[in-house]
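Treat the numbers as computed from the prediction; the structure is a model and nothing was measured.
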Amino acid sequence: MEVNGKKFEQLAALVSEKLAKELQRPCETCQCETPDAATSSACIFASMEEAIETAYKAQKKFSVMTLEDRRRITDSIVSHLMTHVRELAQMGVDETGMGNVEDKVFKHKMILQKTPSVEMLKPEVFTGDHGVTLIEMSPFGVIGALTPSTNPSETIINNSIIMLAAGNSVVFCPHPGACKTSNRAVTLVNEAVAAAGGPEGLVVSIDNPTMDKSQIMFKHKKISMLCATGGPGVVQAVLSSGKKAIGAGAGNPPVLVDDTVDLNKAAKDIIDGCTFDNNLPCIAEKSVVVLDHVGDKLIEDMRRNGAYLLTDEETISRLTKMVLPDGETPSREFVGRSAVNILAKLNITAPPTTRVIIFEAQPEHPLVMNEQLMPVLPIVRVSDVHKGIDLCCEIEGGRRHSAICHSNDVNVLSEYGRRVQTTIFVKNGPSFAGSGAGGEGYTTATIAGPTGEGLVTAANFTRKRRCVMVDSFYIR
């Protein structure tokens, strides 16, 4: 027992250390003020306990409402928030300094238009000689949700729609680096819920988020389930909480390009995907693996599509140390910044049309093996496609997030897709097609690779309940 106790203490210390880095990091741009309890709004609280209690009471009222009521509420969120997408996009850029407004406008619209609601809640029925069994999808109760600084309001909106569609209430603990934007989204969601006749307090958040407040949420008996969208620290924290949890962690999506495709199209797709919102999405292309004999052509085509090629080894080394100072973790100074801005820090004046920085690298290069979340794209050459698949699987690193392939060889597509085991696998298109933008299917802001739910919907925030009628009520 003593050994186990020591292991538990070590795990708790590790989780706390990682969580502190992600959740309690000082924020240079956040202007959140801590209100006292008397001045807390109906949906933003200084106290985590008060926020949870409010959401708990609201969910009790919500639990007796109908699926039609839930649909009306989520439809209201969509229509109301659609009139605020530019405001939220601008707030996100202003507060965090990451990404760009137009791409964030697009992301907000996609989230609002392609997030499914109650239609994902499909009951099951079994009938036979011994009667009928009905399996229904019921809410958990109060969901505790951690949201990131990279997609703050988008995640708030998406999570609100799917969690409310499932019949839950939600308590958000936003990233401190994006608390103003996150809490503005929470306020707007509450306006939409009220307009549709929903209970007050279904969606709440806290001001001045800290690690201590998140720990209260993790342990509180009235929080039935947790959801973390962010880096490995917050995901590990919720998975170590002892509660049912969904974790959407980091990715490092590699792109494989062979010699069977239109290289100009592949180059354009790669540039479009990796530069979307300055490479903030975790699904975005982070490195390219290409067959050696078509590498020159691909690089040439990428340059025609806005890539700035670095060839000087000393400059590449300076870039690497600047954006990845410890060799593993990207510098927040450059996360989500434009390629022009990053090059300027290297005293390079690039054309304003520059979208991404590219350079050739060896497989073990730190910017190949680690997620950087900025428009910096290393390119690695391989002699054959099987070595390329081997390398892409190594780059992806078992994160089970996203991978991309440009090939017209069905055997290559099949082998790569089977072996890489990612939640999203995009073939012959930009990475964002995997989230429903230009590809088929619904979207989400929470891609749960670590816990296996994939692109989460309302169904993932329900529990299955079985109701059995014995020896009756079949009519065959």
Side-chain angles (χ1 to χ4, degrees), residues 3-25 48 52 55 139-152 155-156 158-159 162-163 166 168 170-176 206 209-253 282-283 328-329 370-371 373 396-402 421-424 444-464:
V3 173
N4 290 339
K6 289 182 179 179
K7 286 183 178 179
F8 179 81
E9 289 174 3
Q10 292 170 352
L11 175 61
L14 178 62
V15 169
S16 296
E17 180 183 355
K18 289 190 174 184
L19 187 60
K21 289 181 180 179
E22 295 186 43
L23 193 58
Q24 207 173 33
R25 182 186 294 112
M48 175 60 79
I52 293 171
F140 272 93
V142 184
I143 310 294
L146 292 164
T147 58
S149 60
T150 49
N151 299 290
T155 305
I156 294 284
N158 170 262
N159 283 186
I162 59 181
M163 291 172 186
N168 305 287
V170 54
V171 178
F172 285 109
C173 185
H175 192 288
I206 56 167
T210 64
M211 185 178 71
D212 289 342
K213 291 181 181 181
S214 69
Q215 291 290 342
I216 292 170
M217 185 175 74
F218 296 163
K219 298 173 183 177
H220 203 286
K221 66 181 181 179
K222 290 184 178 178
I223 294 290
S224 301
M225 182 180 181
L226 294 168
C227 178
T229 307
V234 293
V235 172
Q236 187 174 10
V238 298
L239 295 184
S240 303
S241 68
K243 296 182 184 290
K244 166 72 175 175
I246 288 178
N252 191 36
C282 290
I283 66 170
E328 294 182 0
T329 308
N370 295 281
E371 183 184 54
L373 297 172
E396 204 283 323
R399 297 172 178 87
R400 299 196 173 190
H401 200 291
S402 301
Q421 289 290 302
T422 49
T423 300
I424 294 175
T444 189
T446 299
I447 302 169
T451 49
E453 291 83 3
L455 282 72
V456 300
T457 70
N460 298 114
F461 295 95
T462 62
R463 58 193 185 95
K464 290 188 175 183

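- With sequence neighbours left out, Thr229 forms a side-chain hydrogen bond (donor to acceptor under 3.5 Å, both in side chains) with Thr446.
- Residues satisfying the salt bridge (Lys or Arg N to Asp or Glu O under 4.0 Å) criterion with Lys219, sequence neighbours excluded, are absent altogether.
- Under the 3.5 Å distance criterion, the side-chain polar atoms of Thr444 are left unmatched by any main-chain donor or acceptor of Ile447.
- In this structure, the separation between OG on Ser241 and CE on Met217 is 9.0 Å, given to the nearest 0.5 Å.
- Considering only heavy atoms from C-beta on, Pro174 comes within 4.5 Å of Ile206 through its side chain.
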- Using the side chain to side chain contact (heavy atoms under 4.5 Å, CB included) rule, take Val456 and Phe461 through it: C-alpha gap first, then chi angles, then the decisive distance, then the call. CA-CA 8 Å; Val456 300; Phe461 295 95; 4.1 Å; yes
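- Nearest heavy atoms, Ala445 versus Asn158: N-OD1, 3.2 Å.
- For the pair Ala458 and Ala166, the tightest heavy-atom approach, listed with the atom from each and the gap, is O-CB, 3.4 Å.
- A distance of 4.0 Å separates CD1 of Ile156 from CZ of Phe172, quoted to the nearest 0.5 Å.
- When atom types are taken as modelled, the side chain of Asn460 and the backbone of Thr457 share a donor-acceptor pair closer than 3.5 angstrom.
- Qualifying side-chain hydrogen bond (donor to acceptor under 3.5 Å, both in side chains) partners for Asn151, counting only residues two or more places apart in sequence or in other chains: Lys107.
- Among all heavy-atom pairs drawn from Pro232 and Ala250, the shortest one is CD-CB, 4.4 Å.
- The line from CZ of Arg400 to OG1 of Thr451 is 11.5 Å long, rounded to the nearest 0.5 Å.
- Note that CD of Glu371 and SG of Cys282 are 4.5 Å apart. Values are rounded to the nearest 0.5 Å.
- The side-chain contact (heavy atoms from CB on, under 4.5 Å) check on Ser402 picks up Pro253, Ile283, Ile424, with sequence neighbours excluded.
- Looking only at side-chain heavy atoms (C-beta outward), Glu453 and Thr423 stay at 4.5 Å or farther from each other.
- Judged purely by atom type and a 3.5 angstrom limit, Asn168 uses its side chain to pair as donor or acceptor with the backbone of Phe140.
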- Message: Run the side chain to side chain contact (heavy atoms under 4.5 Å, CB included) test on Val171 and Met48 for me, step by step, so that the C-alpha distance in whole Å, both residues' side-chain angles and the decisive distance to 0.1 Å come before the verdict.
- Response: CA-CA 9 Å; Val171 178; Met48 175 60 79; 3.7 Å; yes
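- Note on residues 242-251: no pairs pass salt bridge (charged side-chain N to carboxylate O under 4.0 Å, His left out), not counting sequence neighbours.
- Contact between Gly141 and Ser224 at its shortest, heavy atoms only, is CA-OG, 4.3 Å.
- In this structure Glu396 satisfies the side-chain hydrogen bond (donor to acceptor under 3.5 Å, both in side chains) test with no other residue, sequence neighbours excluded.
- A distance of 11.0 Å separates CG in Leu226 from OG in Ser240, rounded to the nearest 0.5 Å.
- A distance of 8.5 Å separates SG in Cys227 from CG in Leu146, rounded to the nearest 0.5 Å.
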